[in-house]
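What you see below is based on every heavy atom in this structure, not just the backbone, and it leaves out hydrogens, waters and symmetry mates. Count residues from 1 along the sequence.
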Amino acid sequence: PFPRGEGAALNESVQAARVQHFVVQGEAGDPIVLLTGSISGPLTTLADCETEGLAGLGVDTDARGTSPRLINSEVVGAWMRANYPGGAIRDGRQGPVPVRIVVGPDGRATHCHVGNYLTARVLRDAACDAFTQTAEYEPARDAQGQPVTAAYYTQAIFLIGPTPGF
């Protein structure tokens, strides 16, 4: 799970407390109902785990200021269109790849984490390559205006069509 600001986190925690079951429905057959009870505890544990992981990568998760900003999205998009993995096209692999990029105070990407492991590995790797090797970032700044290490959240969407692209 990727955070999307304080308001979103509060809304998600309220919704999580209300969830009591999940329904899994395939293309055929009866749905399977999983009676889970509240998922507030597990989601809190996941959020704590993410916070600890980011801290381990040098991100001050309590800092307030600005977020990193991608400054060459056109270049990244063009690179992804030109480098759409051939094997993925041949195998019909496409879809979204949400990523969390850790951006250092110098504006360079230092780490890529994929937020969805259901997408083909070749596409996950291509997304991380694009956002760590091709992308340029304006670094985050703390409340005093100093550049700091922070996380940038985005997603690559790989689509196969007349011109495979992002």
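- The number of heavy atoms from other shown groups lying within 6.0 Å of CD1 (Ile32) does not exceed 12.
- Under the disulfide (SG to SG under 2.5 Å) criterion, no residue pair touches residues 52-93, with sequence neighbours excluded.
- Contacts of Arg108 classified as side chain to side chain donor-acceptor pair (under 3.5 Å), with partners at least two apart in sequence or in another chain: none.
- Looking only at side-chain heavy atoms (C-beta outward), Phe131 and Trp79 stay at 4.5 Å or farther from each other.
- Closest of all the heavy-atom pairs between Gln155 and Pro98 is CB-CA, 3.6 Å.
- Remark: Arg141 CZ is packed, more than 12 non-hydrogen atoms of other residues, nucleotides or ligands lying under 6.0 Å away.
- Residues passing the salt bridge (Lys or Arg N to Asp or Glu O under 4.0 Å) test with Asp125, sequence neighbours excluded: Arg121.
- Val114 and Val103 fall within the same hydrophobic cluster, defined by Ile, Leu, Val, Met, Phe, Trp and Tyr side-chain heavy atoms under 4.5 Å apart, directly or through other members.
- Remark: Ile160 CD1 to Arg90 CZ distance equals 11.0 Å, nearest 0.5 Å.
- Pro147 and Pro139 get closest at one heavy-atom pair: CB-CG, 4.1 Å.
- Among residues at least two apart or in separate chains, disulfide (SG to SG under 2.5 Å) pairs with a member in residues 89-147 are Cys112-Cys128.
- Here the side chains of Phe158 and Thr119 are not in contact, with every heavy-atom distance at 4.5 Å or above.
- Between His113 and Tyr117, the two ring planes are perpendicular [angle over 60°; tilted spans 30° to 60°].
- Here the side chains of Pro85 and Leu123 are in contact, with some heavy-atom distance below 4.5 Å.
- Here the straight-line distance linking atom OG1 of Thr36 with atom CD of Gln20 works out to 6.5 Å at 0.5 Å rounding.
- Here the straight-line distance linking atom OG1 of Thr132 with atom OH of Tyr137 works out to 7.5 Å at 0.5 Å rounding.
- Here the shortest heavy-atom pairing between Met80 and Ala127 reads CE-CA, 4.3 Å.
- Side chains of Val76 and Leu70 form a contact here, defined as non-hydrogen atoms less than 4.5 Å apart.
- Although no hydrogens or angles enter the test, the distance criterion places a donor-acceptor pair under 3.5 Å between the side chain of Asn72 and the main chain of Thr134.
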Where do Arg100 and Leu54 land on the side-chain contact (heavy atoms from CB on, under 4.5 Å) test, with the steps shown first?
CA-CA 10 Å; Arg100 178 184 68 217; Leu54 286 171; 3.5 Å; yes
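- Screening residues 58-108 for disulfide (SG to SG under 2.5 Å), with sequence neighbours left out, gives no hits.
- Taking the side chain as every heavy atom from C-beta outward, Thr154 and Val99 approach each other to under 4.5 Å.
- In terms of the side chain to side chain donor-acceptor pair (under 3.5 Å) criterion, residue partners of Ser38 (sequence neighbours excluded) are, by chain and number, Ser40.
- The heavy-atom pair separating Val97 from Arg124 by the smallest distance is CG1-CA, 4.0 Å.
- By the rule that hydrophobic residues join a cluster once side-chain heavy atoms approach within less than 4.5 Å of another member, Val33 and Ile39 end up as members of separate clusters.
- Leu57 is not listed as a side-chain neighbour of Thr149, based on a closest heavy-atom distance of 4.5 Å or more.
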